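We count ligands from 1, going down the list as the structure has it; atoms in each ligand are counted the same way. Note that the structure is a prediction, hence the values are computed from the model and not measured.
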Amino acid sequence: MTFVGKLRLGVNIDHVATVRNARGGDVPDPVRAAVLAEEAGADGITAHLREDRRHIRDEDIDALMARLTVPLNFEMAATEEMQEIALRHKPHAVCIVPEKREERTTEGGLEVAGDEKRLADYIAPLREAGCRVSIFIGAERAQIEAAARIGAEVIELHTGAYCDAHAEGDIATRDREFEALREMATVAHDLGLEVHAGHGLTYDTVMPIAALPEVMELNIGHFLIGEAIFTGLKPAIAEMRALMEKARA
Ligand code: PXP
């Protein structure tokens, strides 16, 4: 099997901020977690500044931009406010995600196909500012083709449905979801898009995704932060990284 390149791990630190915000103070500090993740070998840090600021806050983004030595992948909804923040900070990467206030997490991928003109205009200044623009989408051909047409350089495939089916023991659905991810990774790669994947990945679900030759980056958060309670963040990241490398070997 020929892999497109080295598989990177982006560690999402949002849920350190979720725990902090539960008490409203300054601890635990997501920036401290990001620095630890860097020391543990994360290739990048991912943070989602949601419109309702339920976890990451504006000052976290300021601090991450100032402190990190690895790239920041800034997840955000396609709103004017977020575009202005991204253009101010110019992070290495911007990942556009759909956002609904009532959802617990990013439940589905972005609907690109029906909104191409707006999204093309929206991402153009981000690209001009030097940000690598990624679009978080489901494993659907129409969305991937639309992402290529609007000028995105990267797509991140939503692995949530595959992971949920695995957790529920619904093997038929899991395998069907995996097959769609596998096929759409090749479709995206053939269109010249860099392929990333993430959402809901755990030690149990990461290896088949890591083994997809076109996938170049995984973004993983909730499971790693939960596991860190038991083992510490560095060992949790090291274990995830070891599984990714085993899958790639
Ligand atoms: N990638 C994207 C685009 C996301 O929105 C999220 C969740 O914020 C993740 C990856 C990480 O998902 P999880 O926290 O379930 O590992």
Side-chain angles (χ1 to χ4, degrees), residues 7-19 21 30 33-34 37 42-56 60-61 64 71-78 82 86 91-101 103-112 123 131-139 143-144 147 152-167 177 181 185 188 193-207 209-210 215-229 233 236-237 239-241 243-244:
L7 181 61
R8 297 188 299 265
L9 172 62
V11 173
N12 182 318
I13 43 106
D14 291 351
H15 295 300
V16 178
T18 302
V19 177
N21 295 3
D43 300 292
I45 298 297
T46 294
H48 184 177
L49 185 66
R50 292 188 72 104
E51 287 177 89
D52 62 7
R53 309 301 198 268
R54 70 173 69 157
H55 37 59
I56 294 293
D60 297 325
I61 300 294
L64 288 168
L72 176 68
N73 174 31
F74 180 58
E75 281 182 18
M76 60 182 222
M82 291 298 151
H92 166 80
V94 165
C95 181
I96 312 287
V97 302
E99 214 175 278
K100 293 191 220 103
R101 267 170 203 267
E103 71 190 355
R104 260 187 296 178
T105 181
T106 314
E107 281 162 9
L110 195 70
E111 171 57 45
V112 195
I123 68 172
C131 302
R132 265 178 93 64
V133 175
S134 168
I135 311 280
F136 189 47
I137 45 182
Q143 302 300 343
I144 293 167
E153 293 158 287
V154 180
I155 56 147
E156 179 164 331
L157 289 171
H158 196 315
T159 51
Y162 154 76
C163 292
D164 287 349
H166 178 85
E177 294 291 345
L181 290 163
L193 292 159
E194 182 173 311
V195 183
H196 299 178
H199 209 283
L201 291 169
T202 66
Y203 295 154
D204 289 339
T205 50
V206 74
M207 285 182 69
I209 303 296
V215 173
M216 289 203 54
E217 180 174 307
L218 299 181
N219 285 300
I220 309 181
H222 183 263
F223 176 80
L224 284 175
I225 302 305
E227 199 58 17
I229 294 167
L233 187 56
I237 291 172
E239 173 68 12
M240 190 60 86
R241 166 73 88 190
L243 292 169
M244 287 164 59

Among H48, E156, H196, E75, which residue meets the side-chain hydrogen bond (donor to acceptor under 3.5 Å, both in side chains) test with N219? E156
Can you report which non-hydrogen protein atom sits closest to atom 2 (C) of ligand 1, along with the distance? E75 OE2, 3.0 Å
Heavy-atom side-chain proximity of L49 to M76 below 4.5 angstrom: no
With a heavy-atom distance limit of 4.0 Å, tell me whether H158 approaches ligand 1 through its side chain, its backbone, both, or neither. neither
Within a distance under 4.0 Å of any heavy atom of G200, pick out the atoms of ligand 1 and give their elements. 12 (O), 13 (P), 15 (O), 16 (O)
Aromatic ring pairing Y203/F223, orientation class (parallel under 30°, perpendicular over 60°, tilted between): perpendicular
Below 3.5 angstrom, do we get any N/O pair linking C95 and ligand 1? no
Give the residue, atom name and distance (to 0.1 Å) of the protein heavy atom nearest atom 14 (O) of ligand 1. H222 N, 2.8 Å
Test item: E51 side-chain N/O and E99 main-chain N/O as donor-acceptor pair under 3.5 Å: no
Does N219 approach ligand 1 within less than 4.0 angstrom via side chain, backbone, both or neither, non-hydrogen atoms only? both
Please confirm whether E156 comes within less than 3.5 Å of ligand 1 when only nitrogen or oxygen atoms on both sides are compared. yes
Atoms in ligand 1 flagged as close to G221, the criterion being non-hydrogen separation under 4.0 Å: 13 (P), 14 (O), 16 (O)
Has S134 got a side-chain atom pairing as donor or acceptor with V94's backbone, closer than 3.5 angstrom? no
For atom 7 (C) of ligand 1, closest protein heavy-atom neighbour: H199 CD2, 3.6 Å
If you compare all heavy atoms of L224 against all heavy atoms of M240, which two are closest, and at what distance to 0.1 Å? CD2-CB, 3.9 Å
Any side-chain heavy atom of E227 within less than 4.5 Å of one from E239? no
Is any N or O atom of H48, backbone or side chain, closer than 3.5 Å to an N or O atom of ligand 1? no
Short list, please: which atoms of ligand 1 are under 4.0 Å from a heavy atom of V97? 3 (C)
Ion pair D43/R241, N-O distance below 4.0 Å: yes
A student checking ligand 1 against I220 at a 4.0 Å heavy-atom cut-off should list atoms 16 (O)
